[in-house]
**Q** 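Mind looking over this structure? Questions follow.
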Amino acid sequence: MKKAEDFSEWYNDIVEKANLTDKRYPVKGMNVWTPYGWKIMRAIDTNIREEFDATSHDEVCFPLLIPEDQFAKEKEHIKGFDTEVFWVTHAGLTPLDVRLLLRPTSETAMYPIFSLWVRSHADLPLKTYQIVNTFRYETKQTRAFIRVREIHFFESHTCHADFEDAERQVREDYEILERLAKRWCIPYKLLKRTDWDKFPGAAYTVGIDTVLPNGRTLQLGSIHQYMDNFSKPYEIKYEGEDGQHRYAHQTTFGMSERLVGAIVAIHGDDKGLVLPPEVATMQAVVIPVLAKGATEAVSQAARELAEEIRQAGIRTHLDERDLRPGAKYYDWELKGVPLRVELGIRDMEKGVVTLVRRDTGEKSLAHRKDAAGAVKDMLDKIAADLLTNAGSIMDASIVTVDSLDDLPDKFIRAGWCGTEECGHRIEDRTERNIIGTPVEGEGFKGMCVVCGKPTTTPVYIARAM
RNA sequence: GGGGUAGUGGUUUAGCUUGGCAUGAUACGUGCUUUGGGAGCAUGAGGCCGUCGGUUCAAAUCCGACCUACCCCA
């Protein structure tokens with residue numbers, strides 16, 4: 001498994017060997033969540049719930065099926081999705097009068113109901129989210145977690161009194177994202193999509209993008225400002241304090257199981273997965289190293305050690321399988337457990353335990369008395385280092401250019417005057433896509449790579465995964 | 001969207017050219033010996049060869065369609 005040589009092959013291999021998913025389900029792009037993969041997904045969902053609950057979003061759950069007429073109300077939206085939805089056309093043997101589709105995203109399921117929920121300014125802001133499966137008929141080649149047809153999906157949907165309050169929500173979403181990405185040790189950039197690449201129906205779209213080892217970008221999610229583009233066709237209106245009726249302004253924030261793919265791709269190495277402590281099902285694994293004559297003493301000591309670490313609030317697994325220690329080391333490295341804690345007769349005699357970091361392979365000794373504290377500190381350090389290192393790698397993959405000739409397979413940054421004409425020319429000439437322009441100012445001063453006009457806006461260009 | 005490669009016990013693989021008992025490894029079960037970086041021996045179980053159809057006395061093998069996975073190009 002060589003990540004640097006053939007990223008694609010490495011990714012497929014590791015996802016299978018670490019047992020994150022079972023791709024043998026016989027429908028294209030629909031994989032089985034295995035226990036290990038699902039636990040990681042659930043840890044991510046738990047983080048999401050914590051952050052959104054803490055910011056006064058309410059979890060809801062809307063139906064999977066959407067009637068065709070309801071789906072078709074917003075023109076841009078249906079244009080963007082109608083080639084990739086799954087249809088339900090029959091009930092039993094009877095053709096349906098109104099066909100139903102499997103949600104590709106839930107705007108059109110939710111908004112007719114939002115129009116009933118939102119009556120007055122006192123109902124606003126309405127902040128909801130749900131974690132459900134969505135369906136998109138991908139025509140490109142599928143890939144576990146990264147491009148699938150049944151997508152485990154998070155989506156928040158909010159309604160606001162006016163544009164300004166919706167903008168405030170977008171800024172809150174940026175803050176939530178920053179906290180979440182830190183927990184997952186994932187570096188990212190917020191890039192505003194071009195007008196020709198924004199979400200169907202949105203006023204603007206901000207993509208959350210990261211870079212993979214092969215130089216391609218991976219979109220982790222998006223945040224959209226809809227203004228009143230949906231509230232008008234779906235009649236989400238409220239009565240203001242002044243008695244006037246106004247359309248709500250709306251936003252959404254979506255992320256998916258791609259986060260699992262990103263964690264695999266960003267942190268994994270040739271030995272297997274490397275899980276950030278926050279999403280690791282098992283944060284520490286205790287391995288007793290048995291020796292003849294002392295097997296029971298070592299086993300007992302290992303049980304006590306594991307329990308003590310567990311009591312300190314660390315998700316701890318005691319590996320008592322009848323395998324050689326080396327086999328266990330390889331196994332847990334493949335599974336990405338952040339920290340290995342070894343206890344053998346030699347450690348016991350010295351009153352220590354051996355800690356081995358998954359990310360660096362570095363070994364260290366900790367006093368047995370303070371083992372739990374040492375494990376906790378080490379996990380914090382691992383998380384901090386994972387984020388720092390991944391951030392450096394992403395920064396190093398960004399290359400600023402002033403010409404479009406001989407571009408490397410990197411995340412390209414170049415000046416852009418902002419016109420659609422020059423934008424299309426950039427995409428045609430580079431045979432890559434404009435991912436977007438930075439949301440946060442970057443103090444850029446340069447010239448448009450096409451027309452040469454001075455500009456303070458850089459544009460990010462890449463092949464997307 | 002266009003082109004290509006491949007599907008054989010859980011995984012991997014031989015057999016396909018030239019139709020005739022499906023081969024090994026690994027993983028798995030059991031027993032004993034082992035245990036600080038992938039243990040050894042013994043023994044056991046597991047496959048109607050991706051699906052459907054065609055040719056044939058006979059198909060994993062030849063032909064067709066489909067499904068799925070992977071690769072390359074747009």
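Letters A, B, ... are given to chains in the order of the sequence lines, protein chains preceding strands, and every chain is numbered from 1.
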**Q** Under a 4.0 Å threshold between the charged nitrogen and the carboxylate oxygen, would E342(A) count as salt-bridged to R340(A)?
**A**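 Salt bridge between R340(A) and E342(A), a charged N being under 4.0 Å from a carboxylate O: yes.
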**Q** Working to the nearest 0.5 angstrom, can you tell me the gap between T400(A) OG1 and K410(A) NZ?
**A** 12.0 Å
**Q** Determine whether the side chains of Y460(A) and T437(A) contain a donor N or O and an acceptor N or O closer than 3.5 Å.
**A**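 There is no such pair (donor and acceptor under 3.5 Å, judged by atom type) between the side chains of Y460(A) and T437(A).
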**Q** Going by centres under 5.5 angstrom and planes under 30 degrees, do the aromatic ring of Y329(A) and the base ring of G37(B) stack?
**A**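 So Y329(A) does not count as stacking on the base.
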**Q** Whether E442(A) and K189(A) form a salt bridge (side-chain N of Lys/Arg under 4.0 Å from carboxylate O of Asp/Glu) is what I want to check.
**A** yes
**Q** How far does the C1' atom of G15(B) sit from the matching atom of C49(B), given to the nearest Å?
**A**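 One C1' to the other, the span is 10 Å.
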**Q** To the nearest Å, give me how far apart CG (D22(A)) and C1' (U11(B)) are.
**A**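 The distance from CG of D22(A) to C1' of U11(B) comes to 11 Å, rounded to the nearest Å.
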**Q** What about F253(A) and H157(A), are their ring centers closer than 6.0 Å?
**A**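 F253(A) vs H157(A): aromatic centres not under 6.0 Å.
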**Q** Across all strands, who's sitting opposite C67(B) as a Watson-Crick or G-U wobble pair, both distances under 3.5 Å?
**A** G7(B)
**Q** Given that both distances must come in under 3.5 Å, which nucleotide forms a Watson-Crick or G-U wobble pair with G46(B)?
**A** none
**Q** Checking side-chain contact (heavy atoms from CB on, under 4.5 Å) against D359(A), which of L339(A), L275(A), N389(A), V274(A) comes through?
**A** V274(A)
**Q** Tell me yes or no: between the side chains of E74(A) and N229(A), is some donor less than 3.5 Å from an acceptor?
**A**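 Checked: E74(A)/N229(A) side chains show no N/O donor-acceptor pair below 3.5 Å.
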**Q** Please measure how far the P atom in A39(B) lies from the corresponding atom in U34(B), and state the result in whole Å.
**A** 16 Å
**Q** In whole angstrom, give the distance that lies between atom NZ of K271(A) and atom P of G37(B).
**A**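 About 13 Å, once rounded to whole Å.
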**Q** Once rounded to the nearest 0.5 Å, what's the spacing between atom CE of M348(A) and atom CZ of R368(A)?
**A**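 So the CE of M348(A) and the CZ of R368(A) are separated by 9.0 Å.
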**Q** Between N or O atoms, less than 3.5 Å apart, protein on one side and nucleotides 2-10 of chain B on the other: list the pairs.
**A**
unit_1, atom_1, unit_2, atom_2, d
G10(B), O3', R24(A), NH1, 2.5
G10(B), O2', R24(A), NH1, 3.4

**Q** Would you measure the distance from the C1' atom in C67(B) across to the matching atom in G50(B) and give it in whole Å?
**A** 8 Å
**Q** What is the per-nucleotide protein-contact pattern of nucleotides 27-35 of chain B, from the 5' end, where B denotes a base atom under 4.0 Å from a protein heavy atom, S denotes such proximity for sugar-phosphate atoms only, and - denotes neither?
**A** -------BB
**Q** Which base, if any, makes a Watson-Crick or G-U wobble pair with G37(B), both distances under 3.5 Å?
**A** none
**Q** When the P atoms of C71(B) and U26(B) are compared, how many Å lie between them, rounded to an integer?
**A** 29 Å
**Q** Whole Å only: how far is the CD atom of E362(A) from the P atom of G37(B)?
**A**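 For the pair E362(A) CD and G37(B) P, the rounded distance is 19 Å.
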**Q** If you measure from the P atom in G1(B) to the same atom in C66(B), how many Å do you get, rounded?
**A** 15 Å
**Q** Considering only NZ, NE, NH1 and NH2 on the basic side and carboxylate oxygens on the acidic side, decide whether R413(A) and D402(A) come within less than 4.0 Å.
**A**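 No.
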**Q** Determine the Euclidean distance between corresponding C1' atoms of C41(B) and U18(B); express it in Å to zero decimal places.
**A**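 42 Å, rounded to whole Å.
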**Q** For C57(B), what is the paired nucleotide under Watson-Crick or G-U wobble rules, both distances under 3.5 Å?
**A**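 When the pairing criteria are applied, G20(B) turns out to be the nucleotide that pairs with C57(B).
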**Q** For A65(B) and G4(B), measure between their P atoms and round to the nearest Å.
**A**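 My reading of the P atoms in A65(B) and G4(B) gives 12 Å.
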**Q** Taking protein heavy atoms under 4.0 Å as touching, what does nucleotides 67-74 of chain B look like 5' to 3' if B marks base contact, S marks sugar-phosphate-only contact and - marks none?
**A** -SSBB---
**Q** Hey, is R24(A) close enough to D22(A) for a salt bridge, meaning N to O under 4.0 Å?
**A** yes
**Q** Is there a donor and acceptor pair, one atom on the side chain of E342(A) and one on the base of G37(B), closer than 3.5 Å?
**A** no
**Q** Side chains of T105(A) and E107(A): donor-acceptor distance under 3.5 Å anywhere?
**A** yes
**Q** Could you please name the partner base of G1(B), counting Watson-Crick and G-U wobble pairs only when both distances are under 3.5 Å?
**A**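 Pairing partner, where one exists within any strand: C73(B).
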**Q** Does a side-chain N-to-carboxylate-O contact under 4.0 Å join R357(A) and D385(A)?
**A** yes
**Q** Looking across every strand, which nucleic acid part, if any, lies under 4.0 Å from R340(A) by heavy atom: base, sugar-phosphate, or nothing?
**A** base
**Q** Taking atom P in both U35(B) and G46(B), what distance in whole Å separates the two?
**A**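 Between the two P atoms, the distance is 34 Å.
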**Q** Less than 3.5 Å between a donor and an acceptor, one on the side chain of D347(A) and one on the base of G36(B), is that the case here?
**A**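 Check passes, donor-acceptor contact within cut-off.
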**Q** How far does CG of D173(A) sit from CD of Q225(A), to the nearest 0.5 angstrom?
**A** 10.5 Å
